[in-house]
Amino acid sequence: MMFTTNLEIRLLERQDIGFARTLHNAEDTLLYLSDVEHISEPQQEKWFESICLSPAARRYILIEKSTRDYVGVFRVDNLDWKNRSVCLGLDITSEKRGNRYSSEAYLYFLDYFFRQCGIARIYLATLESNQVARAIYRKLGFTEEGRSRSAIYRNGRYQDLVWMSILASEYGSNP
């Protein structure tokens, strides 16, 4: 287990997959994901088995230390040790949004991957409509590096998928 000021962070365990499924299936979460398919319990079970065996992906559960409530699921994908890069993502429950948990979790993982693992580049993707997330990423030091134009269809229109990254050499220079 890992700890930040307000969060306990640990690997996703079988006991957590119901929460992860509920969070994924929540309409206010699906609105910002690239995959809008609802997940069933059997699908979640198969996914859990595959993620546990994957050398390139991990899922972490965030728990609020003061209440022991679930806060969200942190995603680590495309972990590439040869090229020293990784893709990150985070989903937070609607009840816990606005408490700076996103920044706290990202700072933990930025520090972990850059300072402990020697990763050179961390990247992520978000919908152009997700202004709150994009502002958080910019504040953390991420730079927009490109767009997949009209890649995601939401609410009756196509929108860009915005790709952002931060390099290890940039991380130390951020406040």
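Everything numeric in this text was worked out from a predicted model, so none of it was measured. We number each residue from 1, following the sequence as shown.
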Report the C-alpha separation of Arg21 and His38 in whole Å, then their side-chain angles, then the decisive distance to 0.1 Å, and conclude whether the side-chain contact (heavy atoms from CB on, under 4.5 Å) test is met.
-> CA-CA 8 Å; Arg21 184 179 62 256; His38 291 94; over 6 Å; no
State, to 0.1 Å, how close Gln44 and Ala20 come at their nearest heavy-atom pair, and which atoms those are.
-> NE2-CB, 3.8 Å
Is the side chain of Lys65 donor-acceptor paired with the backbone N or O of Thr5 at a distance under 3.5 Å, no angle test?
-> yes
Could you tell me which non-hydrogen atom of Ala57 sits nearest to which non-hydrogen atom of Ser54, and how far apart they are?
-> N-OG, 3.1 Å
Is the number of heavy atoms from other residues, nucleotides or ligands under 6.0 Å of Arg157 CZ greater than 12?
-> yes
Within-4.5 Å side-chain heavy-atom neighbours: Arg138 and Glu144 = no
What is the minimum heavy-atom distance between Ser94 and Asp28, and which atoms define it?
-> CB-OD2, 2.8 Å
Candidate pair Leu90 and Leu62, rule side-chain contact (heavy atoms from CB on, under 4.5 Å), full reasoning = CA-CA 10 Å; Leu90 173 62; Leu62 307 180; 3.5 Å; yes
Look at the side chain of Gln159 and the backbone N and O of Leu127, then say whether any donor-acceptor pair between them is shorter than 3.5 Å.
-> no
Derivation and outcome, side-chain contact (heavy atoms from CB on, under 4.5 Å), residues Tyr153 and Val36 = CA-CA 10 Å; Tyr153 188 77; Val36 294; over 6 Å; no
So, does Asn99 use its side chain to make a donor-acceptor pair with the main chain of Tyr101 at under 3.5 Å?
-> no
Side-chain contact test, heavy atoms from C-beta onward, threshold under 4.5 Å: evaluate it for Arg10 versus Asp16 and give yes or no.
-> yes
Joint cluster assignment, Ile9 & Leu23, ILVMFWY side-chain distance < 4.5 Å | no
Does Ser150 offer a backbone N or O that forms a donor-acceptor pair with the side chain of Asp160 under 3.5 Å?
-> yes
Hey, any chance Tyr70 and Phe109 share a hydrophobic cluster, counting ILVMFWY side chains that come within less than 4.5 Å of each other, even indirectly?
-> no
If two hydrophobic side chains count as joined below 4.5 Å and joins carry through other members, does Leu161 share a cluster with Leu30?
-> no
At what distance, to the nearest 0.5 angstrom, does OG1 of Thr143 lie from CG of Leu167?
-> 7.5 Å
Is Val73 linked to Phe48 within one hydrophobic cluster, defined over Ile, Leu, Val, Met, Phe, Trp and Tyr using a side-chain heavy-atom separation of less than 4.5 Å?
-> yes
So CG of Leu124 and CG of Asn78: to nearest 0.5 Å the spacing works out to 12.0 Å
With a 4.5 Å heavy-atom cut-off, do Asn130 and Val162 have their side chains touching?
-> no
Taking everything shown except Phe3 itself, do over 12 heavy atoms lie less than 6.0 Å from its CZ?
-> yes
Using the six-membered ring wherever Trp is involved, compare the ring planes of Tyr171 and Phe114 and label them parallel, tilted or perpendicular (cut-offs 30° and 60°).
-> tilted
May I ask you to decide whether Arg97 forms a salt bridge with Asp91, counting only side-chain N to carboxylate O separations under 4.0 Å?
-> no
Between atom NE2 of His24 and atom CD1 of Ile17, what is the distance when rounded to the nearest 0.5 Å?
-> 13.5 Å
Measuring from Ser34:OG to Ile152:CD1, what's the distance to the nearest 0.5 Å?
-> 5.0 Å
Between Gln15 (side chain) and Leu12 (backbone), is there a donor-acceptor pair under 3.5 Å?
-> no
If you measure from CZ on Phe19 to CD1 on Ile63, what distance do you get to the nearest 0.5 Å?
-> 9.0 Å
Does Glu8 pair with Arg68 as a salt bridge, N-O distance under 4.0 Å?
-> yes
Tyr106 to Gly89 - nearest heavy-atom pair and separation = OH-CA, 3.4 Å
If only atom types and distance count, is the side chain of Asn25 paired as donor or acceptor with the main-chain N or O of Ile39 below 3.5 Å?
-> yes
Under the 3.5 angstrom rule, does the side chain of Arg59 hit a backbone N or O of Val76 as a donor-acceptor pair?
-> yes
Atom pair CD1/CE of Ile61 and Met1 - distance to nearest 0.5 Å | 12.5 Å
Would you find a donor on one side and an acceptor on the other, under 3.5 Å apart, between the side chain of Arg84 and the backbone of Cys117?
-> yes
Side chain proximity check, Glu64 to Glu95, heavy atoms < 4.5 angstrom = no
Would you say Arg134's side chain and Glu128's backbone share a donor-acceptor pair under 3.5 angstrom?
-> yes
Minimum-distance pair of heavy atoms, taken over all atoms of Thr126 and Ala133 | OG1-CB, 4.1 Å
Cluster check Phe142, Tyr108: I/L/V/M/F/W/Y, side chain < 4.5 angstrom | yes
Close side-chain approach of Tyr60 to Met2, heavy-atom, < 4.5 Å | yes
Can you name the closest pair of heavy atoms from Gly141 and Glu170 and give their distance?
-> O-OE1, 4.5 Å
Keeping the roles fixed (side chain from Ser148, backbone from Ala151), state whether a donor-acceptor pair exists under 3.5 Å.
-> no
Could you give me the CA-CA distance, side-chain angles and deciding distance for Leu110 and Ile166, then say whether side-chain contact (heavy atoms from CB on, under 4.5 Å) is met?
-> CA-CA 9 Å; Leu110 290 172; Ile166 184 171; 3.9 Å; yes
